[in-house]
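These notes are about the structure you will find just below.
Owing to the predicted nature of the structure, the values given are computational and were not obtained by experimental measurement.
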Amino acid sequence: MSPKYKRGFTLIELLILIALIGIVAAVAVPGFSQLIENNRLTSANNDLVGALSMARSEAVRLGTSVNVVPAGANYSDGIRVQATVNGTTQTLREVAGPDGNVSVTLSSGSNPGFRANGLGTHASTVVFDICASSGEQGSQVSVTRGGQVESTNITCP
């Protein structure tokens with residue numbers, strides 16, 4: 001005797017399962033995209049703050065001026081930490097630019113630098129804006145004349 005019902009899924013059950021997977025994906029994908037963008041913003045912020053902090057500490061350690069300059073046409077292309085030792089400019093660290101649609105712009109002041117005593121070589125507070133293409137959230141990194149580096153959250157334009 002064969003059983004009355006066979007094991008497996010009916011076509012209706014499969015269609016319902018596919019519809020449920022589609023609904024879950026439609027809800028999850030925008031949230032996942034936002035998560036990726038937030039991680040890119042955080043990474044770009046940490047890279048910039050790390051490069052600036054490293055530049056200050058290396059200026060004190062080496063006893064010479066250390067500058068932070070863009071690695072390309074602008075800071076979105078990357079960050080380069082440079083020191084001039086015995087008349088030769090040496091790159092101490094180079095950080096790649098942010099991934100995706102994240103931009104790092106120098107919004108106020110000039111390229112930051114640090115003297116051997118840790119104070120800034122720039123004439124006024126230097127401000128960087130780190131924003132994503134969505135224009136919602138971002139961060140602002142500032143370097144005071146005293147050499148202090150701080151980061152705050154902002155709403156990008």
Side-chain angles (χ1 to χ4, degrees), residues 8-61 65-83 89-115 118-157:
F9 297 105
T10 66
L11 182 59
I12 293 175
E13 290 171 334
L14 286 174
L15 289 175
I16 290 172
L17 180 64
I18 290 171
L20 287 174
I21 290 172
I23 290 170
V24 169
V27 170
V29 168
F32 188 66
S33 298
Q34 187 66 34
L35 175 70
I36 290 171
E37 186 173 278
N38 288 344
N39 286 342
R40 286 180 176 160
L41 283 168
T42 301
S43 177
N45 183 68
N46 291 343
D47 286 346
L48 179 59
V49 169
L52 291 165
S53 297
M54 184 243 186
R56 184 178 187 202
S57 66
E58 287 298 303
V60 172
R61 186 180 74 83
S65 292
V66 175
N67 297 309
V68 177
V69 298
N74 55 48
Y75 283 96
S76 290
D77 295 334
I79 303 163
R80 192 174 286 145
V81 177
Q82 297 178 328
T89 301
Q90 300 174 353
T91 298
L92 304 176
R93 181 177 181 194
E94 189 165 336
V95 179
D99 292 332
N101 296 324
V102 176
S103 65
V104 179
T105 56
L106 181 63
S107 60
S108 175
S110 60
N111 292 338
F114 300 94
R115 294 184 181 94
L119 298 177
T121 60
H122 38 276
S124 62
T125 299
V126 177
V127 179
F128 293 93
D129 289 336
I130 303 170
C131 293
S133 62
S134 69
E136 293 175 6
Q137 70 223 358
S139 62
Q140 192 171 65
V141 176
S142 59
V143 185
T144 64
R145 290 187 62 204
Q148 183 178 1
V149 179
E150 56 185 36
S151 175
T152 56
N153 293 328
I154 61 168
T155 301
C156 293

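- The minimum heavy-atom distance linking Pro98 with Ser76 is given by the pair CD-O, 3.4 Å.
- Scored by the salt bridge (charged side-chain N to carboxylate O under 4.0 Å, His left out) test, Arg80 finds Glu94 as partners (sequence neighbours excluded).
- Residues Val81 and Ala55 approach most closely at CG1-CB, 3.8 Å, considering heavy atoms.
- Taking the side chain as every heavy atom from C-beta outward, Val126 and Leu106 approach each other to under 4.5 Å.
- Closest approach of Leu52 and Pro112 over heavy atoms only: CD2-CG, 3.7 Å.
- Summarising the geometry of Ser142 relative to Thr125, their closest heavy-atom pair is CB-CG2, 4.1 Å, with the distance given to 0.1 Å.
- Sorted by first and then second residue, the pairs that involve residues 23-34 and meet side chain to side chain donor-acceptor pair (under 3.5 Å), not counting sequence neighbours, are Gln34-Asn38.
- Of the possible polar contacts, one joining the Ser107 side chain to the Val127 backbone as a donor-acceptor pair under 3.5 Å is found.
- If you take OG1 on Thr42 and CG on Asn39, they are separated by 6.0 Å, rounding to the nearest 0.5 Å.
- Side chain of Ser53 to backbone of Gly50: no donor-acceptor contact under 3.5 angstrom is found.
- Note that CG of Leu48 and CG of Asp129 are 10.5 Å apart. Values are rounded to the nearest 0.5 Å.
- When every heavy atom of Ala83 is checked against every heavy atom of Val66, the shortest pair comes out as CB-CG2, 3.8 Å.
- Partners of Glu58 by salt bridge (charged side-chain N to carboxylate O under 4.0 Å, His left out), not counting sequence neighbours, listed by chain and number: Arg61.
- Sorted by first and then second residue, the salt bridge (Lys or Arg N to Asp or Glu O under 4.0 Å) pairs with a member in residues 106-115 form an empty list; sequence neighbours excluded.
- One distance of note links CD of Gln82 with OG of Ser65; it measures 12.5 Å at 0.5 Å rounding.
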For residues 148-157, run the donor-acceptor check on the side chains, cut-off 3.5 Å, and write out each pair with its distance to 0.1 Å, sequence neighbours left out.
from: Ser151; atom 1: OG; to: Asn45; atom 2: OD1; distance (Å): 3.0
from: Ser151; atom 1: OG; to: Asn45; atom 2: ND2; distance (Å): 3.3

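- Here the side chains of Asp47 and Ser43 are in contact, with some heavy-atom distance below 4.5 Å.
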- Query: Can you list the steps and then say if Asn67 with Asn111 is a side chain to side chain contact (heavy atoms under 4.5 Å, CB included)?
  - Reply: CA-CA 7 Å; Asn67 297 309; Asn111 292 338; over 6 Å; no
- Worked verdict on Ile79 versus Val68 for side chain to side chain contact (heavy atoms under 4.5 Å, CB included): CA-CA 7 Å; Ile79 303 163; Val68 177; 3.5 Å; yes
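- A ring pair (Phe, Tyr, Trp, His ring centres under 6.0 Å) check over residues 118-155, counting only residues at least two apart or in different chains, returns the pairs Tyr75-Phe128.
- Taking CZ of Phe114 as the start and OG1 of Thr121 as the end, the distance is 8.0 Å to the nearest 0.5 Å.
- Here the CG atom belonging to Leu15 is positioned 11.0 Å from the CG atom belonging to Leu20, to the nearest 0.5 angstrom.
- Here the CG atom belonging to Leu41 is positioned 11.0 Å from the CG atom belonging to Asn46, to the nearest 0.5 angstrom.
- Taking every heavy atom of both residues into account, Asp77 and Ala71 meet most closely at O-CB, 4.3 Å.
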